[in-house]
Amino acid sequence: MTSHATTDGTPSITNGRATEPTEVGSHATATAPVFESLSVLDLFKIGIGPSSSHTVGPMRAALDFIGQADASGRFDEIVRLRVDLLGSLGATGSGHGTDTAIMLGLSGLAPDTVETPQITATLEQIRAAGELSLGGRLTVPFDEAKVFVFRPLTVRREHPNALRITAYDASDDTIASAGYYSIGGGFVMRHDEGDVLSPVPAPAEQLHPVAHPFTHGDELVARCRETGMSVAELMLENETAWRPREQTIAQLERIWEVMQECVAHGIETPGVLPGGLDVKRRSKEWHAKLLDRDAAPKQGRPDLLEGMEWVNLYALAVNEENAAGARVVTAPTNGAAGIIPAVMHYADRFANCVDDELSWQVRFLLVAGAIGIIIKSNASISGAEVGCQGEVGSACAMAAGGFAAVLGATPEQIENAAEIGIEHNLGLTCDPIKGLVQIPCIERNAMASVKAINAARMAKQGDGTHYVSLDTAVETMRRTGADMSDKYKETALGGLAVAYIEC
Ligand code: SF4
């Protein structure tokens with residue numbers, strides 16, 4: 001696998017921003033940001049599994065392509081489609097459902113609104129008929145084996161997750177062609193003519209500066225000290241630059257609802273996960289065992305870590321749903337979607353969460369979002385860019401910060417909790433077996449959920465002062481990711497992915 005970093009002056013992409021590179025492999029300097037701030041609702045999105053970068057992002061790109069084709073004025077003349085999947089999308093796109101996500105997007109379906117039964121029905125219909133209804137209004141022949149071209153060894157310098165969709169007329173002339181980068185967490189950038197990069201869709205953030213801007217942990221703590229606000233209050237005030245306060249609260253409550261639905265559906269669904277590894281779904285069986293255990297009369301010493309098994313269960317339930325392609329909350333990615341819901345369910349069941357005028361759930365998500373903004377602004381949440389430390393590590397840090405907040409932590413303690421959460425995931429590689437978001441991903445979410453709870457508790461024991469700052473840990477994560485071989489960045493070419501031998 002070749003390196004994707006060059007020094008030829010073309011734009012690179014980091015953190016959801018178009019930037020000019022300053023050195024080989026450097027993501028340090030953002031000189032031409034496309035947008036200045038991120039919203040908590042950029043970090044938490046309702047979508048479908050199994051991957052935000054390989055499923056949700058490409059689906060959004062395909063949906064956007066319909067508009068591009070429409071703009072050509074020759075939409076009705078389209079008779080053939082071609083989709084090139086490059087780099088990591090070419091290497092693990094099949095296992096991650098990139099191809100099927102694009103089929104759904106081309107059919108006019110959006111990741112945040114499509115219902116799980118609609119997914120199956122649409123794919124079955126395309127395969128049975130050998131035709132796809134482009135944008136739901138133009139029938140075109142569709143043979144997956146011919147439409148999708150997997151090019152894992154072509155790694156674009158701008159980002160390892162690249163794709164191009166092209167539509168042709170009956171003379172095989174191009175009607176429309178658009179390139180995209182799926183940069184993690186469901187974020188997509190369009191690669192237009194002349195290397196102009198634009199987010200899809202253009203975020204409203206460009207238009208409204210926030211009241212208390214921050215991109216670093218030390219800035220966040222300083223803003224809280226200056227204003228006397230909690231991290232959650234400050235975040236909520238920033239969010240009002242984009243939408244009314246009550247709307248943000250309602251949307252975060254909806255996010256929590258979907259997380260609960262996801263856990264509930266996960267723990268009642270048995271079976272085997274798709275993809276060929278025959279991984280058994282375990283959460284239904286584990287749930288029954290935990291209920292029996294908790295109902296049984298207690299003997300001997302109390303097991304103080306029994307609650308940890310509930311944390312494991314919640315994470316497994318979400319990640320099994322994700323691996324099955326069902327509805328989840330991207331938090332901040334799909335591969336790491338189980339951690340924040342698992343810690344929130346633990347908080348709901350076992351912790352004494354401190355309430356104020358905001359529900360603890362809304363405060364948890366606002367604070368987790370603040371930590372996610374810092375990580376995404378300075379490093380990455382994409383496994384294809386920096387390995388699993390960017391996905392599971394980021395989610396662990398976000399959950400640690402959120403949990404610390406609802407336990408009553410100060411901004412300094414929250415920053416400390418998030419730092420512990422990321423520090424002890426540094427160097428974590430992405431090496432999913434068969435390119436499926438199953439092994440090690442599902443159990444890894446459970447491990448990181450427990451780690452997040454511990455991080456919050458450790459931070460709460462202190463006064464917020466600590467040796468390594470969150471900003472240093474995030475910068476270390478970025479540098480470690482830049483040093484990491486591409487074999488460990490969602491390509492399934494190293495680690496467990498090759499240690500496992502198929503019979
Ligand atoms: S190993 Fe980590 S980064 Fe890679 S697919 Fe699994 S959860 Fe995502």
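Order of appearance sets the numbers: ligands from 1, and atoms from 1 within every ligand. Bear in mind the structure is a predicted one, so any value in this text is a computation, not a measurement. Quick note: residue numbers are just sequence positions, from 1.
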(Q) Whether the Ser39 and Glu239 side chains hold a donor-acceptor pair (N or O, under 3.5 Å, no angle test) is what I'd like checked. (A) yes

**Q.** Audit row: Glu309, Lys289, salt bridge (charged side-chain N to carboxylate O under 4.0 Å, His left out) steps and yes/no
**A.** CA-CA 10 Å; Glu309 295 190 65; Lys289 282 185 184 169; over 6 Å; no

Q | side-chain hydrogen bond (donor to acceptor under 3.5 Å, both in side chains) contacts in which one or both residues fall within residues 422-432, not counting sequence neighbours | A | Asn425-Lys451

Q: Supply the atom-to-atom distance Arg479 CZ to Thr472 OG1, rounded to the nearest 0.5 angstrom.
A: 10.5 Å

Q. By residue and atom, what protein N/O/S atoms are less than 2.8 Å from atom 6 (Fe) of ligand 1?
A. Cys441 SG

Q.
When you compare the side chains of Glu385 and Ser380, does any donor N or O come within less than 3.5 Å of an acceptor on the partner?
A. yes

(Q) Whether Arg282 and Glu443 form a salt bridge (side-chain N of Lys/Arg under 4.0 Å from carboxylate O of Asp/Glu) is what I want to check. (A) yes

